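A quick note: this is a predicted structure, and the numbers were derived from the prediction, not measured.
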Amino acid sequence: MDTVQGLVSVVKAMVPRGAYFVPDQQFNMFHNIDRELYAVLVMNLCRDPVESLHCIALWLWLERVGFKKVVTKLLSLPRVLVNELADEALACLGVIHNEKVSPLSTRRNDTPLMQRLIDSELALPFFAEHRLIAVRGLAKLVKEVCMRALKDIMQQAVERKAHQSLADHSLYHQQQQRQHPRQVQVQPPLAARVPTPSPPRIQFGSLPAAAQTNEVHPDDRTIFVTFSKGYLVHEWEVREFFTRLYGNCIESLHMQDVMPNEQPLFARIVCHSPAAIEYILNGNVKAKFTINGKHVWARKFVPKRPKPASPAPPPPPFNLPVSLGI
């Protein structure tokens, strides 16, 4: 099928038709190889569950516009190549979701593995040129196919991440206790403060069942996130991403105040508790996330403390009048 004809067929497929319900078991069987590839990404390669879901959507979209058996070919490759192709897919998604990128500003040699995979000179300018059709097609696939066919595997991946996070915290604090036993007695480890020996059931990710408290000053439970210039990230994308992965962790979200034609480059996320920051950053100083193909960096917010006032200069010496005779 010619690529242009494939794009036309995708547009026609967006027109609603008489639909009928397919049971989940049959639906998953039909998408078995898509599920298998997604499992490789999130279970074997330990990639981010959300960005991996969007990679699957992109590869399915390529099949719908005329490139044959993209998913089947990917499954036949060594995992190291699958991992690199996923990185190229994220680069394509970054172009698709960035309106400021023009076909002329993108290079044709940024996706060499994908070009070999589909035996085509398809490159980033293609995605910039067909952005509108790609955005609509991807949104439809994510909503109607990927979220339904992959949700149970995503659930497993997020739960495994939660288990691993708790295990890492436990190991870290055990080491701290051996090295600084008195200090740890004063500051009980996170595992002791979170009364959950195993993570609870997660709805696309949630924080461990820790008491949410607003008694701590907002500055001490705030995450500072930064965005790459030229890759617009909307407030709803940030909120949806963290809520989907970590549950109801956001008390408030403050994007950088900018003019209407400017892009915000940072945001502050006020969490319900300091434990949320520890969990989201996984004990690291800085963490990298990918939101709809766009890189986002997160770290604990460090407020600018006002400088202490300089002490007042001492008063000048007081001289008594000579007339007092002293």
Participant: Restricting to salt bridge (Lys or Arg N to Asp or Glu O under 4.0 Å), what partner residues turn up for K294, sequence neighbours left out?
Facilitator: E237
Participant: Using a 4.5 Å cut-off on heavy atoms from C-beta on, say whether the side chain of P218 contacts that of F301.
Facilitator: no
Participant: For residues V258 and Q263, determine if any side-chain heavy atom of one lies less than 4.5 Å from a side-chain heavy atom of the other.
Facilitator: no
Participant: Examine L232 and L124 and state if one hydrophobic cluster contains both, with Ile, Leu, Val, Met, Phe, Trp and Tyr joined whenever side-chain heavy atoms are less than 4.5 Å apart.
Facilitator: no
Participant: Are V135 and L53 connected in the hydrophobic side-chain network, where two residues link if heavy atoms are under 4.5 Å apart?
Facilitator: yes
Participant: Taking the six-membered ring for Trp, are F241 and F289 ring centroids under 6.0 Å apart?
Facilitator: yes
Participant: Roughly how far apart are C249 SG and R239 CZ, rounded to 0.5 Å?
Facilitator: 10.0 Å
Participant: Are the side chains of L90 and C55 in contact, using a 4.5 Å heavy-atom criterion?
Facilitator: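 In short, these two side chains touch, coming nearer than 4.5 Å.
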Participant: Evaluate the side-chain proximity of M114 to C92: yes if any heavy-atom separation is below 4.5 Å, no if none is.
Facilitator: yes
Participant: Using modelled atom types and a 3.5 Å cut-off, is there a donor and acceptor pairing between side-chain atoms of E63 and backbone atoms of V70?
Facilitator: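 A pair under 3.5 Å: yes.
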Participant: Evaluate the ring planes of H130 and F126, with Trp represented by its six-membered ring, and classify them as parallel (under 30°), tilted (30 to 60°) or perpendicular (over 60°).
Facilitator: tilted
Participant: Are R64 and L141 close enough that some pair of their side-chain heavy atoms sits under 4.5 Å apart?
Facilitator: yes
Participant: Verify the distance criterion only: is there a donor paired with an acceptor across the side chains of H254 and S252 at less than 3.5 Å?
Facilitator: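 Yes, side-chain donor-acceptor contact under 3.5 Å.
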Participant: Are V42 and L45 connected in the hydrophobic side-chain network, where two residues link if heavy atoms are under 4.5 Å apart?
Facilitator: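 They do share one cluster, since a chain of ILVMFWY contacts under 4.5 Å joins V42 to L45.
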Participant: Checking R221 side chain against I277 main chain: does a donor-acceptor pair fall under 3.5 Å?
Facilitator: no
Participant: Regarding K288 and D48, does a basic nitrogen lie under 4.0 Å from an acidic carboxylate oxygen?
Facilitator: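 Judged by the 4.0 Å cut-off on N to carboxylate O distance, K288 and D48 do not form a salt bridge.
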Participant: Between R47 and E51, is the closest basic N to carboxylate O distance under 4.0 Å?
Facilitator: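 Looking at E51 and R47, the cut-off is met.
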Participant: Evaluate side chain to side chain contact (heavy atoms under 4.5 Å, CB included) for W61 paired with I133, printing each intermediate quantity in order.
Facilitator: CA-CA 10 Å; W61 182 78; I133 294 176; 4.2 Å; yes
Participant: Please answer whether the main-chain N or O of L265 pairs with a side-chain N or O of Q256 as donor and acceptor at a distance below 3.5 Å.
Facilitator: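 Pair found, side chain donor or acceptor close to backbone of L265.
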Participant: Indicate yes or no: at least one non-hydrogen side-chain atom of L74 is less than 4.5 angstrom from one of W59.
Facilitator: yes
Participant: Would you find a donor on one side and an acceptor on the other, under 3.5 Å apart, between the side chain of N28 and the backbone of Q25?
Facilitator: no
Participant: Would you mind reporting whether L77 and L117 have side-chain heavy atoms less than 4.5 Å apart?
Facilitator: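 Yes. Closest side-chain heavy atoms under 4.5 Å.
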Participant: Kindly indicate whether the side chain of L62, heavy atoms from C-beta on, has any atom under 4.5 Å from the side chain of L122.
Facilitator: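 Yes, side chains in contact.
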Participant: Is there a chain of hydrophobic side chains (I, L, V, M, F, W, Y, each step under 4.5 Å between heavy atoms) that links I56 to I33?
Facilitator: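 Yes, it is one cluster - the side chains of I56 and I33 are joined through contacts under 4.5 Å.
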Participant: Quick one: does Y38's side chain have a donor or acceptor within less than 3.5 Å of a partner on P49's backbone?
Facilitator: yes
Participant: How far apart are the C-alpha atoms of M154 and L150, what are their side-chain angles, what is the distance that settles it, and do they pass the side chain to side chain contact (heavy atoms under 4.5 Å, CB included) test?
Facilitator: CA-CA 6 Å; M154 176 182 278; L150 308 176; 5.5 Å; no
